[in-house]
Amino acid sequence: MQTQTLRPTEDGFATAADILTHGGLVAFPTETVYGLGGDARNGAAVAGIYAAKGRPSFNPLIVHVADLNMAQEFAQFDTTALALAAEFWPGPLTIVLPVRPDTSLSKLVTAGLTTVAIRVPAHPVARALLSKFGGPIAAPSANPSGGISPTRAAHVRDGLSDRIDAIINGGKCAVGLESTIVMPDDDGVHILRDGGITTEQIAAIVNVHDTIETSHDAPTSPGQLASHYAPNARLRMNALIAGDDEHMIGFGEISGQINLSSSGDLTQAAANLFAYLHMADEDAQTLGKTKIAVAPIPMHGLGIAINDRLKRASAARD
Ligand code: AMP
Ligand code: MG
């Protein structure tokens, strides 16, 4: 596809919003870095973000919204979160909160977790796009995986040209640092990642715990939640046929009770992955099966991230 460059005008925002509505990808400036945006309710769009970045794993993505009202459609706010939002939104603070049970967010955007990382950006271009689009935009930094975060439209073009539909050129980003990520609990917040809002600024509003929560898998990368989604049932990868005590998730021509993509489309498989793992887990329990078998997924493109996730789920209880 050819990547178009849009100007931050009424016309530009209308075109960008239209692309997002149809499941396309648009890079846009925020006050931190350029984000690569897709409709956070559309699993295929979110899978497209991972594909464009060439990410080898599914980290949950930050969901950008126009205002606190829109944030409350998707996440449950307690008094700590409300105090933080009142002080720092719009701005570079991301808050990790329980997902509302009736949410329309794609499960891929939260990587199957029951929490969502959400923020209201301050950049006028990001705000104009969000209000024109009228929905939540998932947006990690607009660079290929492993690359440097882009602070200008030209950086985005260098890294992602022809892999995304459009870039809104809104000049240089002011902060260049990523957003600070916090997770509230009963008596304060944990800082999951340092960024544009300092710990001192946050501590002036709420109690800050001095432990940094890190992931088991990546203790050096704060911003990762300690727990990640794993099914209750044991999981077996690269299965060609289900055993007696197995509920099977198929892919392509290898069928199962459900199929991640019967046409063998990896973007569709990625979009379905977390929802199908949840579904298979529930069905396995109902049917008295102890395991989930998953058909082989090819190791290229999004297949790498899908296999990475399945491997973690299958290793969870070893
Ligand atoms: P990026 O969008 O690339 O700036 O990075 C998003 C960061 O937010 C990653 O470090 C994620 O691990 C973190 N994140 C997103 N969602 C969650 C969540 N539900 N719980 C904890 N961390 C999260
Ligand atoms: Mg990044």
Side-chain angles (χ1 to χ4, degrees), residues 25 27-38 40 45-65 71 74-77 81 84 91-101 103 105-121 123 126 136-151 155-156 159-160 173 175-185 189-197 209 211-230 274 305 308-309 312:
L25 304 183
F28 60 96
T30 74
E31 69 276 34
T32 62
V33 300
Y34 271 75
L36 175 54
V46 177
I49 293 175
Y50 287 103
K53 284 180 66 83
R55 269 206 188 174
S57 60
F58 295 126
N59 292 328
L61 303 178
I62 296 173
V63 173
H64 297 69
V65 289
F74 304 105
Q76 289 170 311
F77 282 67
L84 290 170
L93 183 76
T94 297
I95 313 179
V96 174
L97 293 169
V99 180
R100 287 184 69 104
T103 189
L105 289 178
S106 131
K107 276 207 183 333
L108 189 57
V109 95
T110 58
L113 296 172
T114 52
T115 51
V116 59
I118 200 158
R119 87 173 182 103
V120 177
H123 194 291
I137 302 179
S141 55
N143 53 277
S145 181
I148 300 165
S149 292
T151 52
H155 299 163
V156 180
L160 297 176
C173 299
V175 177
L177 271 178
E178 290 170 307
S179 62
T180 302
I181 305 180
V182 298
M183 184 166 67
D185 67 8
V189 296
H190 291 277
I191 302 214
L192 303 186
R193 180 177 80 187
D194 292 312
I197 304 268
H209 301 301
T211 50
I212 286 201
E213 300 251 312
T214 51
S215 146
H216 302 305
D217 315 300
T220 52
S221 105
Q224 285 279 65
L225 193 66
S227 66
H228 53 77
Y229 174 71
F274 289 97
D308 169 76
R309 172 52 57 185
R312 289 177 201 227

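Counting convention: from 1, in listed order, for ligands and their atoms alike. Here the structure is a predicted model, which means the values were calculated and not measured.
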Checklist entry - Are the charged groups of E178 and R119 less than 4.0 angstrom apart, N to O? => result no
Checklist entry - Considering only heavy atoms, does M183 approach ligand 1 within less than 4.0 Å through its side chain, its backbone, both, or neither? => result neither
Item to check | For R193, atoms of ligand 1 separated by under 4.0 Å from a heavy atom | outcome: 1 (P), 4 (O), 5 (O), 7 (C)
Checklist entry - Which of the numbered atoms in ligand 1 are below 4.0 angstrom from a heavy atom of P140? => result 2 (O), 3 (O)
Checklist outcome for this item: In terms of heavy-atom contacts, R55 and P140 come closest through NH2-CB, 3.6 Å
Checklist entry - Within the side chain of T180, is there an N or O that forms a donor-acceptor pair under 3.5 Å with the backbone of I197? => result yes
Checklist outcome for this item: Within the 4.0 Å heavy-atom cut-off, what H64 brings close to ligand 1 is neither
Next on the checklist: Any heavy-atom pair between the side chains of P92 and L177 that's under 4.5 Å?
Outcome noted: no
Next on the checklist: Using only atom types and a distance under 3.5 Å, with no angle test, would you say the side chain of K53 pairs donor to acceptor with the backbone of N143?
Outcome noted: yes
Next on the checklist: Need the ligand 1 atom indices (1-based, order shown) with element for anything under 4.0 Å from a heavy-atom of R55.
Outcome noted: 3 (O)
Checklist outcome for this item: Correct closest heavy-atom pair for F58 and A111 would be O-CB, 3.7 Å
Checklist outcome for this item: Between T94 and S179, the two heavy atoms sitting closest are OG1-OG, 2.7 Å
Checklist entry - Taking heavy atoms and a distance under 4.0 Å, where does N59 meet ligand 1: side chain, backbone, both or neither? => result neither
Checklist entry - Numbering the atoms of ligand 1 from 1, which are under 4.0 Å from a heavy atom of E178? => result 4 (O)
Next on the checklist: Show the nearest heavy-atom pair for residues A40 and A138, with the distance to one decimal.
Outcome noted: CB-N, 3.8 Å
Checklist outcome for this item: Near T115 (heavy-atom distance under 4.0 Å), the atoms of ligand 1 are 18 (C), 19 (N), 20 (N)
Next on the checklist: Checking contacts here: is it the side chain or the backbone of I181 that comes within 4.0 Å of ligand 1, counting heavy atoms only? Could be both or neither.
Outcome noted: side chain
Item to check | Residue portion contacting ligand 1 (non-hydrogen atoms closer than 4.0 Å) for T110 | outcome: neither
Item to check | Proximity winner for atom 6 (C) of ligand 1, if only heavy atoms of V63, I118, I62 are counted | outcome: I62
